[in-house]
Amino acid sequence: MTNVRRKVNGKTFIVLLSLTLVVALLAGTGLAYAQETQLVPPPPSVREKSNIIADSHIRALELRLQCAQGNDQIRHRIQALRDAGTKPSEETKAALKAARDAIQAGRDTLKGTFPEMQAEREAARADRASRDWVALEGHLDHIIALQQTRIAALEDILEQLGVILGLLG
């Protein structure tokens with residue numbers, strides 16, 4: 001048996017070196033692409049703010065449900081008073097009007113913040129898609145502030161519904 005040794009000539013060495021460089025470049029390009037696109041997770045502050053927004057949204061839905069229930073109770077009490085033939089006094093009418101005006105002011109606040117909230121959410125979606133985390137955090141802060149305003153308006157409406165229920169007996 002003869003011992004066969006292969007020599008690596010210059011061409012083979014250059015081809016192997018070229019392939020190694022191509023693989024390294026592709027891996028580096030893929031890593032850079034991954035860092036610039038979807039594979040870079042948002043910072044923890046964005047997640048925390050998104051959780052605050054979700055919790056505020058749930059709170060707003062709960063308040064809306066309570067307002068709807070309050071409206072139903074008021075409707076039933078008014079119907080019961082009409083069926084009994086009871087007329088409210090002038091003082092009660094004035095207090096009811098003041099409560100209705102306060103409720104309307106709360107509704108106007110809700111309507112006024114709605115377009116701004118939609119615009120902020122749309123801008124936040126665009127920033128999330130472009131992975132601009134700094135701008136996204138600014139939009140999330142503004143959304144949180146708008147939600148707090150809306151929650152305060154809903155709480156005021158709910159309070160005035162309670163006042164009306166108290167006046168109706």
Side-chain angles (χ1 to χ4, degrees), residues 30-169:
L31 181 62
Y33 177 75
Q35 288 175 345
E36 291 176 5
T37 59
Q38 304 170 5
L39 300 178
V40 177
S45 59
V46 170
R47 288 187 186 133
E48 291 169 7
K49 289 176 183 180
S50 295
N51 289 339
I52 290 170
I53 290 170
D55 292 342
S56 296
H57 184 72
I58 291 170
R59 175 71 178 135
L61 290 175
E62 290 170 349
L63 288 171
R64 285 182 182 189
L65 176 64
Q66 291 174 3
C67 288
Q69 291 169 342
N71 281 330
D72 287 343
Q73 290 175 355
I74 289 170
R75 206 171 294 116
H76 292 301
R77 286 196 187 167
I78 288 173
Q79 188 60 44
L81 289 173
R82 285 182 182 157
D83 291 344
T86 307
K87 298 278 182 177
S89 67
E90 291 302 318
E91 290 176 358
T92 305
K93 284 182 182 179
L96 288 171
K97 174 134 178 55
R100 280 195 310 261
D101 290 344
I103 288 172
Q104 188 59 46
R107 288 180 179 156
D108 291 342
T109 300
L110 291 173
K111 286 180 185 176
T113 58
F114 184 73
E116 190 176 358
M117 179 75 82
Q118 280 186 318
E120 284 297 318
R121 286 183 175 158
E122 191 63 36
R125 278 189 214 100
D127 289 338
R128 185 174 282 126
S130 68
R131 303 292 183 212
D132 186 357
W133 304 126
V134 175
L136 177 61
E137 284 190 63
H139 290 297
L140 293 178
D141 287 335
H142 197 178
I143 289 171
I144 290 170
L146 286 171
Q147 279 187 329
Q148 293 305 317
T149 302
R150 293 173 66 84
I151 287 173
L154 285 168
E155 288 172 344
D156 290 344
I157 290 171
L158 190 58
E159 181 182 333
Q160 293 304 316
L161 289 173
V163 168
I164 290 174
L165 283 171
L167 290 171
L168 294 176

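When the side-chain hydrogen bond (donor to acceptor under 3.5 Å, both in side chains) test is applied to Glu116, the partners found at least two apart in sequence or on another chain are His142. Every side-chain contact (heavy atoms from CB on, under 4.5 Å) that Gln104 has, sequence neighbours left out, goes to Arg107, Asp108. Residues passing the side-chain hydrogen bond (donor to acceptor under 3.5 Å, both in side chains) test with Gln66: none are found, sequence neighbours excluded. Partners of Lys111 according to the side-chain contact (heavy atoms from CB on, under 4.5 Å) rule, which considers only residues two or more places apart in sequence or in another chain, do not exist here. The salt bridge (charged side-chain N to carboxylate O under 4.0 Å, His left out) search around Glu90 returns Lys93, not counting sequence neighbours. Ala135 meets the side-chain contact (heavy atoms from CB on, under 4.5 Å) test with Asp127, Asp132; sequence neighbours excluded. Remark: Ser50 pairs with no residue by the side-chain hydrogen bond (donor to acceptor under 3.5 Å, both in side chains) rule, at least two apart or across chains. Looking at residues two or more places apart in sequence or on another chain, you find a side-chain hydrogen bond (donor to acceptor under 3.5 Å, both in side chains) between Asp141 and Lys49.
Residue pairs that meet the side-chain hydrogen bond (donor to acceptor under 3.5 Å, both in side chains) test with at least one member in residues 153-163, sequence neighbours left out, are Arg59-Glu155. For residues 70-81, the salt bridge (charged side-chain N to carboxylate O under 4.0 Å, His left out) pairs, not counting sequence neighbours, are Asp72-Arg75.
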Anything under 3.5 Å between a donor and an acceptor, one on a side chain of residues 80-89, the other on a protein residue two or more places apart or in another chain? List them.
from  : atom 1 : to    : atom 2 : distance (Å)
Asp83 : OD1    : Gln79 : NE2    : 3.0
Ser89 : OG     : Thr92 : N      : 3.3
Ser89 : OG     : Thr92 : OG1    : 3.0

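With a 4.5 Å cut-off on side-chain heavy atoms, Val46 and Glu137 count as touching.
Between Arg150 and Phe114, the closest heavy-atom pair is NH1-N, 3.6 Å.
Atom CG of Leu146 sits about 6.5 Å away from atom OG1 of Thr113, to the nearest 0.5 Å.
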